[in-house]
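Here's the structure, in structure tokens; my notes come after.
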Amino acid sequence: MIVEGSYPLPGSPDVIWDLLMDPDVLAKVMPGTKALSRTAPDRYEGTMGVGIGPITAAEFELTITLTDLQRPASYTMQIDGKGRFGFTRGTANVELASEGVGTVMRYRADLQVGGKIAGLGQRLLDSVSRMLTRQGLDALNRELTARLT
Amino acid sequence: MKPPPFEYYRPSSLEGALTLLAEREEAKPLAGGQSLIPAMNFRLAAPAMLVDLNDLGELAGITAAGAGIRIGAMTRHSAVERDRRIAERAPLLWETMPHIAHPQIRNRGTVGGSLAHADPAAELPAVMVAVEATVLLRSTRGERRVPAAEFFTGLFRTALLPGELVTAIEIPPLPPRTGWAFEEFARRHGDYALVGVAVLVTLDGGGRCERARIALLSVGDGPVLATRAMGTLQDSDLDASVIREAAERGARDDIEPPSDIHASEAYRRQLTRVLTRRALTRAVARAREASR
Amino acid sequence: MAATRAARLRHPYRDLGGLRVNGQHTIGVMVNGTRYERSVEPRLLLSDFLRHELGLTGTRVGCEHGVCGACTVLLDDKAVRSCLMFAVQADGRELRTVEALGDSDQLHPLQQAFHETHALQCGFCTPGFLMTLIPFLQEHPDPSEPEIREALSGNLCRCTGYANIVAAVRRYAEKSGTRELRS
Amino acid sequence: MTAGPYFGMRIPRLEDAQLLTGRARFVDDVDLPGLLHVAFLRSDEAHGRLRGIDAGAARARPGVVAVYTALDLGDYWRPGPLLVPPPPIPGLVFHTATQVPLVRDKVRHAGEPLAMVVAESRYLAEDALEDIAVDLEPLPAVTELEAALEPGAPLVHEQFGTNLAAHVHQVKGDYASARSKAHALIARRFHYDRGAAAALENRGVVAQWDVRAEELTIWDTTQAPIPIRNGMAELLGLRESQVRVIAPFIGGGFGPKIMMFYPEEVLVPWAAIRLGRPVKWIEDRRENFYATTQERSQIHDAELAVARDGTIIGVKDRFLHDTGAYDPYGLTVPINTQCTLLGPYVVPHYDSEFTAVFTNKPIVTPVRGAGRQHGVFVMERLLDLAARELEIDRVEIRRRNYIQPDQFPYDHQILFQDFRPLIYDSGDYPAALDKAVELIGYERFVGVEQPRLRREGKHVGVGVVSYIEGTGVGPYEGARVTVEPSGTVRLATGVGTQGQGHFTTFAQVVADVLGVEVGQVRVSTGDTREFNWGTGTFASRGAVVAGSACHAAAVKVREKVLGLAAPLLGVAPNDLVLAGGRVHRRGSPDQGITLGELARKANPLRGAVTPGTEPGLEATAYFGPDRGNAASGVHAMVVEVDPETAAVAIKRYVVVHDCGTVINPMVVEAQVQGGVAHGIGNAFYEQLIFDANGQLQNASFMDYLLPTALDVPTVEMAHVVSPSPLNPLGAKGVGEAGAIPTGAAFAQAVEDALAGTGIEITEMPLSPGRLFELLQAAQGGVG
């Protein structure tokens, strides 16, 4: 599953970069993430609960590892989530480019899903990933706006 | 495929149900259960506590509401499809009912449950948006009335607040000179539709389009009101070319349909184009019939 | 209903009335004219209750997510999927299963029609078809083929290709037409 | 009950009453005191290295009796046997890799079992699954057939150094030189994907160890109880006589209910012995999509060489076959494809080569049709394309290439899956075609109806295709017929049944030989206690092979009846008649004796008998055919396509079928109708969709679509009867026939309906979404 797009954000790439490295902010960008902590300079661990309609118990153990860090231009996230519902894992590339007074964030995630999510959830996967992406980006935008004002 | 354990409550009054829902955050209402119980059997849903609404006779039943109609939240689909007053007063809804799943599911599934569940592929949310129904909500804090178009807020999301239940739905009377049509395309009869469309068209005295409502299902996070397509029809003479243009507009500009194993985004746009055209054509013919 | 009422008294939810179960609960159900009382966990599916608690194994389980129709039973005379209900929800209600139709010596006329038209092969889905058809035929004593097919569309059969099931329904309808004329 | 003779009659089935009243016993209906319940923890990953399993919390959960992993099995852990070894084809390569009971070191497909939980209820067992922690290192999965064979592809089985599971090349004539004489060469790539058997009853096993009797009883949803009994005895170190396998009523099989062994079949009896309590496992529908074998993709690169008049010069085919993660069933499916491709046609030169490929997907074994569909699709499509190119009518090109009725036995000069040469026993293909063309009204449809409807804007099309089904293969089946003093005739066979009506058709065969009412014959099948020898119900062989054995046993009993009655009645044996449950002097029905009475006399309690006398009216007989039969037929269908929505409606469906002599036309026709339904599913509704990581994307009946009553028309049917010379009944098999040519007929009909769009259908299954894409590609958009 490929999730990609771009999103305009206020602030410079440097400001956004710092925010994105902050586990509290990262947790907000990944909707449903609870208690994300930085266990190494480039590694975050926590749990993520995704509730879509009647599906209430989708809790994942989440590990995010950052690689190819090119501050403030780009980095790659290795995402690894496992839970009773199966797994999701893959890589997400994030690029930050200044544009005018702000920054354009380009993202492209290539995610695998497995287990019950893959076998039973296909009807909703596309909509859910779009929704989560939108929620995450909106959250990032709010966070930025709050910090910049 | 056995459900996980839960605490079970079956209150005998609406007040009791609302109190439970207010006091227990983890309480999940159980109406017909035709979506919730499969999810529990797959262990995709594990509610800690179910509040079974099936003893709440006060929430079931169909009554006249002025010239319109009021359907209690716990009214079964099968009761709606068998009620002559629905056929007369809410013909779009009546035409839609046989498309919902299968008789065994309709004997158990409820109108309120379907709305509260807000599945983007469900028929009833789109129909309620098309007919501009009002959703009645109750909690221990009191009652609210929410227009259907505002009730559906996203993917399986509604305007329901914690502790709140859908108690009824009110459908306004069909305006004069109005035609209706429901169309959907499913892989098999009764399956989740790949695309569906519910249409109401009202003519003015001169036979032009006074008002058109087009609500689509399975092409977004919830029911989608095809406002651009509706705009194309507004004040037009509703001839075949306008209908074609509106359908094209709706398929192109009103939706961002998902892709899945049954239908790609492009296929959903094509189905939207064709079904909207066919539904409008039928609805306009009925409106003209009603204007004679 | 006495036991159920007593149970309710044992589990009052404050003064709100109704039923509250956390653990096992005794329910009273009328099945095929016999009253059964059993202690069940709330999560026990009605299909499992009928099959394994009451031994009424004619109700079959094919998917447990409400698609195949093999578990169809009558709840207060309406066809429902017994895999999509909890047994506790049937408390105080009336159920009918395939065992309520005929027995081997005296088949129900619909069963007889199935037999005569070879409308079953492995027979696993058959009770679900029968229980779907009983109320349908009450409402539609003389159904057309499209009506029959639509009524059956919520029941899956992998063996027959449905043709003989449709034929059985027609045969039953025609014969009951004759039966009514005679009576 | 009507009186005989019953052979060839439409006898309503004897087994119906039990099934209709819900009193028939299926495996999940077995209830025993102290019964324990099993749930399996299955891998979410399609490919991964198992580093460890922590089941501590699960074992501690109240209600849990045991949790087993591969390590707990000790010496009992071993891969399953190779159920069907490859046939002796020169140059054949075959890598054996069979399934294991529980994963020990490597997961090779999603759904492979990792741990087994035994608990007081299935609910509790499933609760405990959530307590188990698995440490599994994911590995890249291999799913695409061509990619799997690339150097550097991840390996499903490292020991082979390749994902090639098998390679087989069979040749007849000399295609390469014949090709140069062709007027036209039609070459295409074809994809044919298949799906799940999806019997309404999932699999299940119940096992009980009787400590006092030292006997193990296993209730199993198997199509082959005797091989399972023999295998289980060997695995568990028991004598065969200590193990009883009962395949009670089976809720549909369609192929996958014959395997040796499914992991659960091995583990449940083992646990029952170990725990000293009866144990039950019932597969649920989600498990069924991973744990029960399936059928899947083949990719064919095929070429047809034809003369100007449409005569086939030769066919060359190279294909890849997905065998899934293991290949316990050998090469049955791809060899069926290879052989069935030739169809009813004279193909002077044939060069067919296939490669079976391991992938990280569930195991592939036969599903109704068992690879035959794939071959028929390729051949029939090639003929359609050739007809178009040569401007010959589709029906005519088939007619011109048929093997003629006087050419039997017809030797195709290659080996079939039963290790025997592919020789057709009998048939009349032109007669079947003529009947089908007449029934569907082909000439009128093409000449009048279709143009008229097209003018009205309706897109209708017709498809007419032929096929052969190799059926009734060996090795053998047996039967025992016993006349009881009550007059009831007991008939026991070891074949197993899955709903095909064996209880009735076998009874019909026996009733006629013994002159009894069909209802007097009680058939017992599927219980190893009742009959000790047999193989199973597969390859449309029940009626042919077991039916012939029933006949032979009945004939032997008849001889005994005559031998015993002749001196008793004082007449020569050939002056006796068996009728109405009695044996009597010809022409004098009152001078006779009932078979029951005779049975009593055949078991004297006092007095002397001649040395060598066998007591009772009982006989056992076996039948093993020299080779399989060739059943055949023609399918024709009319479809209407809505090119705007890509919806397809099947308006009419005609089958003309030749399964030799018919024992019970009602049963045969119903088998065909059911097969067609399965075929329609395969053509337009059903497909197991895997992603590139080996994840099944439609693992439920919500997304895996079985056709419903609204999707399957009532088939109009006619028979052609070419009795088989290979068995005394003249019968050929029928169980799979309906499902085999449906895809080919569907493709032709849809293409015909959309003539003018330029669409060419070279893949199965279709779906509306896929048809929409093909239409878009063909004409740059529709609507």
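Sequence lines set the chain letters: A, B, ... in the order given, protein chains first and strands last, and positions in each chain run from 1.
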Check: Given the options L107(C), I165(C), L152(C), D103(C), which has more heavy-atom pairs under 4.5 Å with chain D than any of the others?
Finding: D103(C)
Notebook entry, point to check: Angle class for the H65(C)/F701(D) ring planes (parallel below 30°, perpendicular above 60°, tilted otherwise)?
Noted result: tilted
Note to self: So which residue, G501(D), S121(D), P713(D), A198(D), ends up with the most heavy-atom pairs under 4.5 Å with chain C?
What the structure shows: A198(D)
Checklist line | Region of D29(D) that comes under 4.5 Å of a non-hydrogen atom in chain C | finding: both
Notebook entry, point to check: Is chain D contacted by the side chain of D105(C), its backbone, both, or neither, given a heavy-atom distance below 4.5 Å?
Noted result: neither
Next item on the list: Would you mind checking which part of P707(D) comes under 4.5 Å of any heavy atom in chain C, side chain (CB onward), backbone (N, CA, C, O), both or neither?
Entry: both
Next item on the list: With rounding to the nearest 0.5 Å, note down the distance linking OG1 in T57(C) to CZ in R23(D).
Entry: 9.5 Å
Next item on the list: With a 4.5 Å cut-off on heavy-atom pairs, point out which of G58(C), C63(C), C68(C) contacts chain D the most.
Entry: C63(C)
Note to self: Is there a side-chain contact between R149(C) and D711(D) in this structure, where contact means two heavy atoms from C-beta onward sitting under 4.5 Å apart?
What the structure shows: no
Checklist line | E64(C) portion near chain D, given a 4.5 angstrom heavy-atom threshold | finding: side chain
Notebook entry, point to check: R368(D) versus chain C, heavy atoms under 4.5 Å apart: side chain, backbone, both or neither?
Noted result: side chain
Item checked: Selection from S104(C), G66(C), A119(C) maximising heavy-atom pairs under 4.5 Å formed with chain D -> S104(C)
Notebook entry, point to check: What are the residues of residues 154-161 of chain C, in order of number, with any heavy atom under 4.5 angstrom from a heavy atom of chain D?
Noted result: L156(C), C157(C), R158(C), C159(C), T160(C), G161(C)
Margin query: Return the CG to OG1 distance between D16(D) and T126(C), rounded to the nearest 0.5 Å.
Written below: 8.5 Å
Notebook entry, point to check: Who wins among H52(C), Q112(C), E116(C) for the most heavy-atom pairs under 4.5 Å with chain D?
Noted result: H52(C)
Check: Is any NZ, NE, NH1 or NH2 atom of the basic residue among D28(D) and R51(C) found under 4.0 Å from an Asp or Glu carboxylate oxygen of the other?
Finding: yes
Notebook entry, point to check: Heavy atoms, side chains only, cut-off 4.5 Å: are D48(C) and Y123(D) in contact?
Noted result: yes
Checklist line | Close side-chain approach of R43(C) and D127(D), heavy atoms under 4.5 Å | finding: yes
Notebook entry, point to check: Under a 4.5 Å heavy-atom cut-off, does chain C meet the side chain of I250(D), its backbone, both or neither?
Noted result: backbone
Notebook entry, point to check: Taking side chain as C-beta onward, heavy atoms only, is T21(D) less than 4.5 Å from L101(C)?
Noted result: no
Margin query: For chain D, which candidate among E150(C), R60(C), E41(C) shows the most heavy-atom pairs at distances under 4.5 Å?
Written below: R60(C)
Check: In Å and rounded to the nearest 0.5 Å, what is the CG to SG distance from L200(D) to C125(C)?
Finding: 5.5 Å
Checklist line | Per-residue contact mode, N288(D) against chain C (heavy atom under 4.5 angstrom) | finding: neither
Next item on the list: Below 4.5 Å from any heavy atom of chain D, which atoms of L44(C) appear? Answer side chain, backbone, both or neither.
Entry: both
Check: Which atoms of L45(C) come close to chain D, meaning under 4.5 Å heavy atom to heavy atom: side chain ones, backbone ones, both, or neither?
Finding: both
Check: How many angstroms lie between atom CZ of F124(C) and atom CG of N202(D), to the nearest 0.5 angstrom?
Finding: 7.5 Å
Next item on the list: Determine whether L120(C) and R13(D) make a side-chain contact, defined as any pair of heavy atoms from C-beta on separated by less than 4.5 Å.
Entry: yes
Next item on the list: For R522(D), look at atom CZ and say whether over 12 heavy atoms of other residues, nucleotides or ligands are found less than 6.0 Å away.
Entry: no
Check: Around Q106(C), counting heavy atoms of other residues, nucleotides and ligands shown, do more than 12 lie under 6.0 Å from its CD?
Finding: no
Check: For chain C, which residues from residues 670-677 of chain D lie under 4.5 Å away (heavy-atom distances)?
Finding: A670(D), Q671(D), Q673(D), G674(D), A677(D)
Check: Just wondering, do M702(D) and V67(C) contact through their side chains at under 4.5 Å, heavy atoms?
Finding: yes
